[in-house]
Enquirer: 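Before I ask anything, let me first share the structure, which is written out below as structure tokens.
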Amino acid sequence: MSKSKFICIDAHTCGNPVRVIKEGGPKLEGNSMSEKRQHFLKDYDWIRKGLMFEPRGHDMMSGSILYPPHNPENDFAILFIETSGCLPMCGHGTIGTITIAIEEGLIHPKTPGKIKMEAPAGLVDIEYQQTGNKVDWVKLINVKSYLAAQDLTIDCPELGVITFDVAYGGNFYAIVDPQQNFSGVQDFTASQIIQYSQVVRDRINDKYSNLFVHPENESIRDVTHMLWTGKPIHASSSGRNAVFYGDKAIDRSPCGTGTSARLAQLYAKGELKIGEAFIHESYIGSTFIGRVEEETLLDGTLAIIPSIQGWAKVFGYNTITIDPEDDPYAYGFQVI
């Protein structure tokens, strides 16, 4: 394979990276982004690995590639790429991508201030506020989210047996709230959370094999993320989390799909009302504003329509090459 060139724009959403591939993305086959996601994973996953893994990326790297919409009424379609794979939906990635796309003129919304985005997980409605050439904030109406299971148990190294819920917010999350054997994220280092999560996630998927499958899309399955909760840093925040994803990453943002899953969990348990602001804090203290916009059903199961609001900052421009004939690390590597 000859050398490939990618024109990229870098930003971060509340601390977590977003790299938009402006030029160089492959042409994909399919009638939806879900189908095109499968094509990408089959034939072009080397692009993800080359751009997200070291030495061109890092453990927390996340990005996206923009495509024309399949429905002309929508504004654009998106493929999410990151160290953990091609996610069906990514909240922080959406906020960062929209900020980049508007500020850099990559998309021109049919209605200023509003965007309809086709993600592999489904259609996502988006609002944004712009001052001059800067995007102040982005608010996305996420896909239907729901509590999939509660009060499950698993053995965690060092801690012992812990209880957790599983909720879907675009990806399946195992949510661990403070309890007898886990006092909360405020009492643990990021390194400890990562070490626990690497083992616990595998144990969950082994013990509860095939239990977590999206009712309308069988390609979305299994617990891919761990969400550990605890006391917030700031008095104005409603809660704090440390989201583990990939092989060894802690989300620096509050995590959009994770916040959606958290909202679905709290609403199903009667701990959150429709329209109530939930200020969700990341491990580093940055925040998203989450809300349950409405109650709905997903294949007969109680679900919610969540919204997530946050901000992003553009900071860099890259021309990146991947040349397997010259570079033995063209397709990247990870040091686990």
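Side chains included, hydrogens not; waters and symmetry mates left out as well; all remaining heavy atoms used.
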Enquirer: So which pairs with a foot in residues 274-296 pass salt bridge (Lys or Arg N to Asp or Glu O under 4.0 Å), sequence neighbours left out?
Expert: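 Only K139-E293 qualify under salt bridge (Lys or Arg N to Asp or Glu O under 4.0 Å).
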Enquirer: Applying salt bridge (Lys or Arg N to Asp or Glu O under 4.0 Å) as the test, list every pair that has at least one member in residues 253-268; sequence neighbours left out.
Expert: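 For residues 253-268: D177-R262.
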Enquirer: Once rounded to the nearest 0.5 Å, what's the spacing between atom NE2 of H58 and atom OG1 of T83?
Expert: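 That separation rounds to 9.0 Å.
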Enquirer: Do D155 and R203 meet the salt-bridge criterion of a basic N to acidic O distance under 4.0 Å?
Expert: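 Looking at D155 together with R203, the answer is yes, because their closest N to O distance falls below 4.0 Å.
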Enquirer: Does one side chain, of Y168 or Q265, offer a donor that lies under 3.5 Å from an acceptor on the other?
Expert: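 Judged by distance alone, the side chains do not pair up.
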Enquirer: Strictly distance-based, threshold 3.5 Å: is any side-chain N or O of N171 a donor or acceptor partner for the main-chain N or O of M89?
Expert: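 Yes, N171 side chain to M89 backbone: donor-acceptor pair under 3.5 Å.
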Enquirer: Heavy-atom count check: over 12 atoms from other residues, nucleotides or ligands less than 6.0 Å from Y329 OH?
Expert: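 No, because the 6.0 Å sphere around OH of Y329 holds 12 heavy atoms or fewer from other groups.
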Enquirer: Which residues end up grouped with M60 if you chain together Ile, Leu, Val, Met, Phe, Trp and Tyr wherever their side-chain heavy atoms are less than 4.5 Å apart?
Expert: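 Besides M60, the hydrophobic cluster comprises Y245, listed by chain and residue number.
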Enquirer: Taking salt bridge (Lys or Arg N to Asp or Glu O under 4.0 Å) as the test, write out the residues that go with R48, two or more places apart.
Expert: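 Partners of R48 by the salt bridge (Lys or Arg N to Asp or Glu O under 4.0 Å) criterion, ordered by chain and then number, come out as D45.
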Enquirer: Between N133 and E103, is any side-chain donor less than 3.5 angstrom from a side-chain acceptor?
Expert: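 No, because no side-chain N or O of N133 sits under 3.5 Å from a partner of the opposite role on E103.
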Enquirer: Any sub-3.5 Å donor-acceptor pair from T13's side-chain atoms to H92's backbone N or O?
Expert: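 It does hold such a pair.
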Enquirer: Do the two ring centres, one from F188 and one from F182, sit under 6.0 Å apart?
Expert: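 Yes, the ring centres sit under 6.0 Å apart.
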Enquirer: Report yes or no: do H214 and K144 form a side-chain donor-acceptor pair below 3.5 Å?
Expert: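 No pair is found: no donor N or O on one side chain lies under 3.5 Å from an acceptor on the other.
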Enquirer: Kindly give the cluster partners of I289, where membership spreads through any ILVMFWY side chain lying under 4.5 Å from a current member.
Expert: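 Its cluster partners, ordered by chain and number, are I279.
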Enquirer: Return the CD1 to CG distance between I284 and N16, rounded to the nearest 0.5 Å.
Expert: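 Atom-to-atom, I284:CD1 and N16:CG are 8.0 Å apart.
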Enquirer: Could you check, using the six-membered ring where one of them is a Trp, whether W311 and H12 have ring centers closer than 6.0 angstrom?
Expert: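 Ring centres of H12 and W311 closer than 6.0 Å.
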Enquirer: Quick one: is the NZ or CZ of R240 closer than 6.0 Å to the six-membered ring centre of Y283, and within 45° of its axis?
Expert: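 Yes; both conditions hold, so R240 lies above the ring face of Y283.
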Enquirer: Decide yes or no on side chain to side chain donor-acceptor pair (under 3.5 Å) for H280 and N241, but give the supporting numbers first.
Expert: CA-CA 8 Å; H280 208 194; N241 79 86; 3.1 Å; yes
Enquirer: Mind checking the CG-CZ spacing from D10 to R19? Nearest 0.5 Å is all I need.
Expert: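 If I round to the nearest 0.5 Å, the distance is 4.5 Å.
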Enquirer: Kindly check if the number of other-residue, nucleotide or ligand heavy atoms within 6.0 Å of NZ (K269) is above 12?
Expert: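 For K269, atom NZ is crowded (more than 12 foreign heavy atoms under 6.0 Å).
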Enquirer: Parallel, tilted or perpendicular: which fits the ring planes of H225 and Y173, with parallel below 30° and perpendicular above 60°?
Expert: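 The rings of H225 and Y173 sit tilted, inter-plane angle from 30° to 60°.
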Enquirer: Checking T321 against D323: is there a side-chain donor and acceptor pair closer than 3.5 Å?
Expert: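 Per modelled atom types, D323 and T321 side chains form no pair under 3.5 Å.
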Enquirer: Verify, without hydrogens or angle tests, whether D75 (side chain) and K116 (backbone) share a donor-acceptor contact under 3.5 angstrom.
Expert: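 Flag set: sc D75 to bb K116 pair under 3.5 Å.
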Enquirer: Just jot down the side chain to side chain contact (heavy atoms under 4.5 Å, CB included) partners of E29, sequence neighbours excluded, or say none.
Expert: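 Applying side chain to side chain contact (heavy atoms under 4.5 Å, CB included) to E29 gives H39.
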Enquirer: Does K207, at its NZ atom, have more than 12 non-hydrogen atoms belonging to other residues, nucleotides or ligands within less than 6.0 Å?
Expert: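 Count over threshold, so yes.
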